[in-house]
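Reviewing the structure listed below.
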Amino acid sequence: METRLAVIGIIVEDLAVTDHINNLLHDYGSYIVGRMGVPYRQRGVSVISVILDAPNPVISALTGKLGMLQGVSAKALYAPAESGHGA
């Protein structure tokens, strides 16, 4: 199955769900290229970016599962389909 490069941006307002987020990311670990988390203490949130190389349904499933968690917003940004295949 063809894969896409994507970044999932996650904003965590309820830090009590951090374990759930980490468990989901662990479940999808074989698709994760890298991740970075930054606590933004002035606003009481954490911001996480996750880079994936995965089929579209996998990216959508992870983004949806993250977004369903209480106090979590998640959106995916996709690279162009031909990204990484030449120039």
Side-chain angles (χ1 to χ4, degrees):
M1 180 177 279
E2 186 173 327
T3 63
R4 296 279 304 270
L5 184 62
V7 177
I8 299 177
I10 307 163
I11 297 178
V12 184
E13 296 181 53
D14 182 356
L15 300 180
V17 299
T18 303
D19 286 341
H20 296 291
I21 294 168
N22 285 327
N23 288 336
L24 280 171
L25 294 178
H26 176 77
D27 292 345
Y28 288 83
S30 62
Y31 300 104
I32 294 175
V33 176
R35 67 187 261 193
M36 177 181 64
V38 178
Y40 189 10
R41 289 179 183 86
Q42 292 88 339
R43 295 235 179 185
V45 301
S46 287
V47 180
I48 305 167
S49 60
V50 180
I51 303 165
L52 300 165
D53 189 357
N56 279 341
V58 171
I59 297 167
S60 295
L62 177 56
T63 305
K65 289 176 183 179
L66 289 165
M68 289 174 53
L69 295 173
Q70 184 71 30
V72 176
S73 299
K75 300 288 180 186
L77 173 67
Y78 293 83
E82 64 277 357
S83 179
H85 299 290

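- Residues V45 and E13 approach most closely at CG1-CG, 3.8 Å, considering heavy atoms.
- Contact check for V72 versus I11: no side-chain heavy atoms found under the 4.5 Å cut-off.
- In this structure Y78 satisfies the side chain to side chain contact (heavy atoms under 4.5 Å, CB included) test together with R4, A6, N56, I59, S60, A76, sequence neighbours excluded.
- Pairing each heavy atom of A74 with each of G67, the nearest pair is CB-N, 4.0 Å.
- Taking every heavy atom of both residues into account, R35 and N22 meet most closely at NH2-OD1, 2.8 Å.
- Among all heavy-atom pairs drawn from I51 and V7, the shortest one is CG1-CG2, 4.2 Å.
- Between Q70 and D14, the closest heavy-atom pair is O-CB, 3.8 Å.
- Every residue meeting the side chain to side chain contact (heavy atoms under 4.5 Å, CB included) condition with P39, not counting sequence neighbours, appears here in chain and number order: R41, S46.
- Tested against I32, the residues D53, L25, I8 include a single side chain to side chain contact (heavy atoms under 4.5 Å, CB included) partner, L25.
- Side-chain contact between H26 and L24 is absent, with no heavy-atom pair separated by less than 4.5 Å.
- Residues V12 and I10 approach most closely at CG2-CG2, 3.9 Å, considering heavy atoms.
- Judged as a side chain to side chain contact (heavy atoms under 4.5 Å, CB included), and not counting sequence neighbours, the contacts of V58 are Y28, Y31, A54, P55.
- The distance from the CG atom of L15 to the CD1 atom of I21 is 8.5 Å, given to the nearest 0.5 Å.
- Each of L62 and L5 belongs to its own hydrophobic cluster when Ile, Leu, Val, Met, Phe, Trp and Tyr are linked at side-chain heavy-atom distances under 4.5 angstrom.
- Remark: S49 OG to L77 CG distance equals 11.5 Å, nearest 0.5 Å.
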